[in-house]
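The structure appears right after this line, and notes come after that.
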Protein chains: 2
Amino acid sequence: MKASDTLKQLPHKTIERLSQYRRALLICLDNKKDHIFSHEIAKIQHITPVQVRRDLMLIGYSGTLRKGYNIQELIDLISDIIDSNRGINVAIIGMGNLGRALLNYFSGKRHKLSIVASFDINPDKIGKSVNKIPCYNITEMEKVIKRENIEIGIITVPASQSMITAKQLVDSGIKGILNYTPKPVEVPEGVYLEEYDMITTLEKVSFYVKMENERAADHVIQRKNQGTVASDF
Amino acid sequence: MKASDTLKQLPHKTIERLSQYRRALLICLDNKKDHIFSHEIAKIQHITPVQVRRDLMLIGYSGTLRKGYNIQELIDLISDIIDSNRGINVAIIGMGNLGRALLNYFSGKRHKLSIVASFDINPDKIGKSVNKIPCYNITEMEKVIKRENIEIGIITVPASQSMITAKQLVDSGIKGILNYTPKPVEVPEGVYLEEYDMITTLEKVSFYVKMENERAADHVIQRKNQGTVASDF
DNA sequence: GATTAATTGTTAAATTTATAACAATGCAAA
DNA sequence: TTTGCATTGTTATAAATTTAACAATTAATC
């Protein structure tokens, strides 16, 4: 089995963490250190050192005993694995606040992942540029996507438009879609889809805060009961 | 064991899906149907019907055989589970594009989860309102958080400020933090933290698109090789 | 009224993911 | 130089999550 085959079987969670390791390592580069221990990476990412070592084992990277991992080497290896050699072009559909936020956020962050176009229906936006990325009319989607060799589309239109937008993207030959609207879309086999709705994350935080509140309240009740029992003596 | 204890042990993934089910069900409410099958929910969420049924089993909800689940009942039950009775107040720290996007996105969406304040350091923003939510100076954070009984903070400041912001939130007595910056933060025990970096999701899509491209290229090579072999005869 | 097909609810099995255990190694201190 | 200790790499175990299997049941059809 080729090395590339092994990489194809990397656990999904490992892929996510590799992206996060690289991000953390890029920040570490500034700090004049050239090596980092598994427990240091782990601390940053709120996970265990074992998990870090196991992930690195899976991608075949070896550190130096009692010295840790070479930061630059590790960044390069992770980049080899998760980046595409020739680079991948991305478009954002919907230049509202979220679209602009993503555009600012990504601009120039990754060599191999470039946002090269945005789309909107608002005439005030069409024809202008944000961060040097031109905004096209949505009606030109297929033409631009093919011309610019765009493979990934990020959907940040209003929820009511998410499905039609996904269909347009698919019809334009897109390979992957990242949907930020709260309305799930459907894509045919062969198009990779990631749904990401921000309300779910907030509701999850809310749930665990609620749980913690209730747990704390229960403890108060228990202490009160104990107190009552004790005073009976 | 009390029913509430069972709920405390709901798998994390089930919590996330419950939030998503509710969102989907709320959309379905419009469509004049009053019942929905597990396979219909599953289709919307890109998961299997079994998973849906199993999640609903865990929260103790029973549907009607061959008729499905009552949409309104199910919405109400999920709300009972994931919402806090008395409601939870939320603040957004950082009124850039992302902060504004989240504010617009959430406004009025959930009864029990209200964004009640935002913070920034830009004098042009302080004192004004977006979607009727006032923007305060970050220096007033502790005062406002205590006065407004804010329990959750969403961090959308520039990455360089994420750590100091998290510390301020913790010092103000926050219970949960949702960090949207690419720089992980640290919080003490008892504060629930969810990191969400948008670049990880995009890089994951990118990785699987790359893999699919390589797989397709491999197939072409295989076909070519087969062709070559065949032509030898 | 009997039969068929579809759907739920639940237990069991499989898969995925995370953690623990520990041998091997080599740096640092004695 | 030797000893102790921290750290890696890896296998084994455990936990979490998903999927499968299937009995039970009821609505619709014949």
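Proteins come first, then strands; the chains are lettered A, B, ... in the order of their sequence lines, and each starts at number 1.
- Positionally, the nearest nucleotide of DNA chain C for Tyr69(B) lies more toward the 5' end than for the other of Tyr69(B) and Thr14(A).
- In 5' to 3' order, the nucleotides of DNA chain D bounding all contacts with chain B (an atom under 4.0 Å from a heavy atom) are dT17(D) to dA27(D).
- The distance from atom CG of Leu56(B) to atom C1' of dT8(C) is 10 Å, rounded to the nearest whole Å.
- Atom NZ in Lys13(B) sits roughly 13 Å away from atom C1' in dA18(C) (whole-Å rounding).
- Put simply, the residue from Val185(B), Ile177(B), Thr200(B) that forms a side chain to side chain contact (heavy atoms under 4.5 Å, CB included) with Glu195(B) is Val185(B).
- Comment: Glu203(B) does not engage Arg23(A) in a salt bridge, judged by the lack of any side-chain N to carboxylate O separation of less than 4.0 angstrom.
- Taking atom CD of Glu16(A) as the reference point, atom C1' of dT17(C) lies 12 Å away to the nearest angstrom.
- With a 4.5 Å cut-off on side-chain heavy atoms, Asp55(A) and Ile59(A) do not count as touching.
- The distance from atom CG of Asp55(B) to atom C1' of dT10(C) is 14 Å, rounded to the nearest whole Å.
- DNA chain C lies under 4.0 Å from no heavy atom of any residue of residues 185-203 of chain B.
- Looking at Gln72(A) and Asp76(A), their side chains do bring a donor and an acceptor atom within 3.5 Å of each other.
- The pair Glu194(A)-Lys204(B) meets the salt-bridge criterion, since a charged nitrogen lies less than 4.0 angstrom from a carboxylate oxygen.
- In plain terms, the two heavy atoms of Val157(B) and Thr181(B) that are nearest each other are O-CG2, 3.3 Å.
- Rounding to the nearest 0.5 angstrom, the gap separating the CG atom in Leu25(B) from the CG atom in Leu74(B) is 5.0 Å.
- When all heavy atoms of Ser162(B) and Ile155(B) are compared, the pair lying nearest together is O-CD1, 4.2 Å.
- With rounding to whole Å, Gln51(A) atom CD is found 8 Å from dT17(C) atom C1'.
- Note on Lys43(B) versus Glu40(B): no salt bridge recorded, every NZ/NE/NH1/NH2 to OD/OE distance being 4.0 Å or above.
- For Leu10(A) and dT16(C), the CG to P distance is 13 Å, given to the nearest whole Å.
- A donor-acceptor pair shorter than 3.5 Å cannot be found between the side chains of Asn70(A) and Tyr61(A).
- Atom P of nucleotide dT11(C) and atom CE of Met57(B) are separated by 7 Å, given to the nearest angstrom.
- One atom, CD1 of Ile15(A), and another, P of dT17(C), lie 11 Å apart when rounded to the nearest Å.
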Expected string for nucleotides 23-30 of chain C under the B/S/- scheme (protein heavy atoms, under 4.0 Å, primed atoms plus P, OP1, OP2 as sugar-phosphate) is --BBB---
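- Contact record, Ile199(B) with Tyr105(A): N-CE2, 4.1 Å, taken as the closest heavy-atom pair.
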